[in-house]
Every structure is written in structure tokens, then in C-alpha cells.
Amino acid sequence: MAQSVQPEDLAIQMTALKIVEKPTENVPVSGILDPVNELSTAEAPGEINVPSSEQPDQIPEQPMDTDSTTNTSEYLPTVLIMMGMAGSGKTTLTSALISHIYTTGTAPYVVNLDPACNDPPYGVNIDIRDTINYKQIMHGNKLGPNGAIVTSLNLFSTKFDTVLEILKNRGKHCKYILIDTPGQIEVFMWSASGSIITEILAANFPTIMVYVTDLVGTQSPIAFMSNMTYACSVLYKTKLPLVLALNKCDVQNADKIKSWITDFNSFHLELNNYKGQSVNLASSLSLVLDDFYSNIQHVAISALTSIGMSDLFKAVGKAVEEYKTVYRVNYEKLRKERKRELTMPKGKSKKESTDDFAFSVPANSAGGTGLTLTLDDDSDELESEEEDPKLLEEDEGELDFETISQVYKRELERRRQQPGPSTSS
Ligand SMILES: Nc1nc2c(ncn2[C@@H]2O[C@H](COP(=O)(O)OP(=O)(O)OP(=O)(O)O)[C@@H](O)[C@H]2O)c(=O)[nH]1
């Protein structure tokens, strides 16, 4: 049954949140300034706890271009966001990637965004579970499991500026930042917080979606098509480069799936063996997905035995190039467009082209139960912010993402001050 959460309750919970960073044994974090001091001078709204017994070692600092507007991500770490259906092998793959990255002589930085997961088999630097008590959220707000995941992510995203500060500092000393996400793709992908987190990351680092597909579970063309439809929605929602990791090749040969991806006819040939309405749908969808396949790379891997890890990293390398030449270029274009609109005199149709602005928070996009972020299309608050000259003076590269975060917080504040049944499931 649908549940609702009083926003004022969540606003109170939000203020008590702390981002906890753990430089773990497995994932040493090195050469970093004292993050507590640094963040306090940076006026970050969140707090971080670093156990004093776990102070990081020193390593020489690498040069990094801090100008986020110039697309020189040479020294920036690559963010890999692990996506995929439940049980596809995201966590196992994250573990395999960590091992592989260690063999190159560097340590990755690891973030867990799944509030409901069991202890992962690797060290995590920032774990949403250290900030949010998922069970408390579920029981305290009378939510179901998915509603509690959405609410946990929404609460966590309000502190993501603190996480970003940490990642920027730690990222000077690592090549990869790995982000594990909940198995419920739609919960992450179609929640406002999922969009905010992904977009903030993509604005600051080369960010690649690694979509993990379970080869065993996608042997029938219908199951395969369902899975690819999900992957396609991730690609078009984020517009980020996507690498398809065909996982579990140790127990299931990937040749058939690869041929379906590369050869339209071989998929249709297989479909002929099936009957029913879903076959027609799969057949029609395959026409659409042909274009999708041409935009992605696919690699057969085994997260369990580490087969294919080198190929996966090669694909990631190409995806980073794509990020720089396609995503980043489009982002800069849209950012300039957005800035031009913001500086337009009042009365002009400044929001005309923002509907298809890839990086804005979609109205009514929070989805699910829990803390639902709903921005009115003609929000006065948003307009007044657009006209705020202070905002216009801010770092151009981060303007849109600052705005998202501020709008989010202000929306919570507004709801807190106007109690009423404004969240719904
Ligand atoms: N044979 C084989 N099993 C695998 C492989 N990768 C993962 N598994 C198994 O698949 C199961 C699910 O793996 P997880 O890594 O937990 O999958 P997940 O996508 O993180 O699952 P959720 O967190 O529930 O979304 C586990 O039993 C793994 O051991 C693989 O490459 N080969």
C-alpha cells in the first residue's frame, strides 16, 4: 500500500546526517589533507568523521587541472558506476575491479550507495550505510523496502556535496573511483537522488556506466531484450558512455549474446523459435536497440574468475575518450546555453530550452515512496535563484549542479515550513 512520509520528519533526519569516510586496510587512502579542516574552510554543509587511528599515509601529490570548464580530465580519476539487475554480479565485479586496479600499483576509491546491502567483500571508503540506517528509515517512516532505499538515497544525496569534496581530494591520488549501486536499477536511475548523484559525478570526473548483464539469465531472447531495454534506458537517461559487461562467462559462453548484439538477423532467427505477444514486442524493440548497440561497447567477463578484466579496462579507456569528446563537449555547450538563459533579461523565455537540458532535475522525477522531490515547472523559487546575481558569479562549471543541490535543500525547507501532505508514494 502507498505510504507517505512527512517531509518535516525527513528534514530533521537530514540535518543529523554525517558522511563517514573510512580509509580502509584494503583501500588505503594516501597523501590527503586533513579532510575535517579542509571541509570546514570550504564551508561544506556536511560533516565527516575520520577515525584518528586511521590517518592516511603521505604520497606525493600529482598535478591536477582543477578548472572543470576546460575538459582536461587527464589527471582526474575515472568514475565507474556499477549498474545492473539484482544478482547480475555488480558487487562481485566491483571486487574484481579493485583487485585488478591494485595490480596496476594504485588503489581505487570505493563508494557504496546501496543502503540495503550486506557487508561487501571489499573495503569501502564511503558507505551510505554509515550515514543512513536503512531499517530505521523503513520502520520509522512505515515504508516498504524500495521506498526506504529511495528515501535513504534522497537523504544521502543532500550531503553529496561533502562526498564530492572528499572525492575531489582523494581523487588526486587514485585512477578509479568505483561506485556500487542498489540492484533495483529503477530505484537508483529514476529517483531524483540517482540523477543528482550521477550528474554531479559526471560534471566533475570522467564518468562511465558499467552495465552488468548476467549471461546465464539472458539466454532467452525475451529475457535478453528486457535486460537490454533497461540498459538502453540507463544510456539515454544519463547520456554517459556505457560499457556492457557480459558477466559470468565462466559458466555461460557469451558467443550467442554477442551475436545477438552484433547481428540483427541472428536475434530474429532465435526469436522464430518462440511464440506469443512478447515475441512481437521483442522483435520491434530489436529494431530500436540496433541503434543502442552501435553506441556501446560490450565485453565478456567473469567477475568471479577475473576473465576479461583487461578487455573491460580497454573498453573503459575508450569510453573515457568518448566522455571527453562527446559528453563533455555537449555538457559545455548546454552549460553555456543555460548560462545565456540565466543572464537573459526578465520576461524573455529563459526556460524555453531547458526542458531538454540534460542536466536539470526532471520535474516530478523522484519517483517511488519516501521523500519525493517535486519541482513545479514554474517554481518561483527556481526563477528567483536564476536571477540571483550571486549565483551567476559562481564557478561556471558547477553552477548547474550547485543549483540542483540548493533547489533540493530549499524544497525540503519549504515543505518543513508548510506542513501538509506534500509527499506521496
Ligand atoms: N559463476 C559466476 N558467478 C558469479 C559471477 N559474478 C557473480 N556471481 C555470483 O552471482 C551472485 C550475485 O552476485 P552479486 O555480485 O552479489 O550480484 P549483485 O548484482 O551485486 O547483486 P545485488 O546486490 O543483489 O544487486 C553471487 O552468488 C555471485 O557469486 C561470475 O562471474 N561467475
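Here the structure is a predicted model, which is why all the values come from computation and not from measurement. Order of listing sets the numbers, starting from 1, for every ligand and every atom in it.
Dense packing is recorded around CG of Asn272, with more than 12 heavy atoms of other residues, nucleotides or ligands lying under 6.0 Å away.
Ring pair Phe156/Phe160 is perpendicular by interplanar angle, where above 60° counts as perpendicular and below 30° as parallel. Phe224 and Phe267 have tilted rings, their planes meeting at an angle from 30° to 60° on a 0 to 90° scale.
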Which pairs would a plain distance check flag for residues 286-296, meaning a side-chain donor or acceptor within less than 3.5 Å of a matching protein atom at least two apart in sequence or in another chain?
| unit_1 | atom_1 | unit_2 | atom_2 | d |
| --- | --- | --- | --- | --- |
| Ser286 | OG | His268 | NE2 | 2.8 |
| Ser286 | OG | Ser283 | O | 2.6 |
| Ser294 | OG | Asp291 | O | 2.5 |
| Asn295 | ND2 | Asp291 | O | 3.1 |

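Near ligand 1, heavy-atom contacts under 4.0 Å come from Met85, Ala86, Gly87, Ser88, Gly89, Lys90, Thr91, Thr92, Gly183, Asn247, Lys248, Asp250, Val251, Ser302, Ala303, Leu304.
Looking at Asn125, its side chain does come within 3.5 Å of a backbone N or O of Lys22 through a donor-acceptor pair.
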Just do the side chain to side chain donor-acceptor pair (under 3.5 Å) check on Ser259 and Ser266 with the steps written out, would you?
-> CA-CA 6 Å; Ser259 77; Ser266 90; 3.2 Å; yes

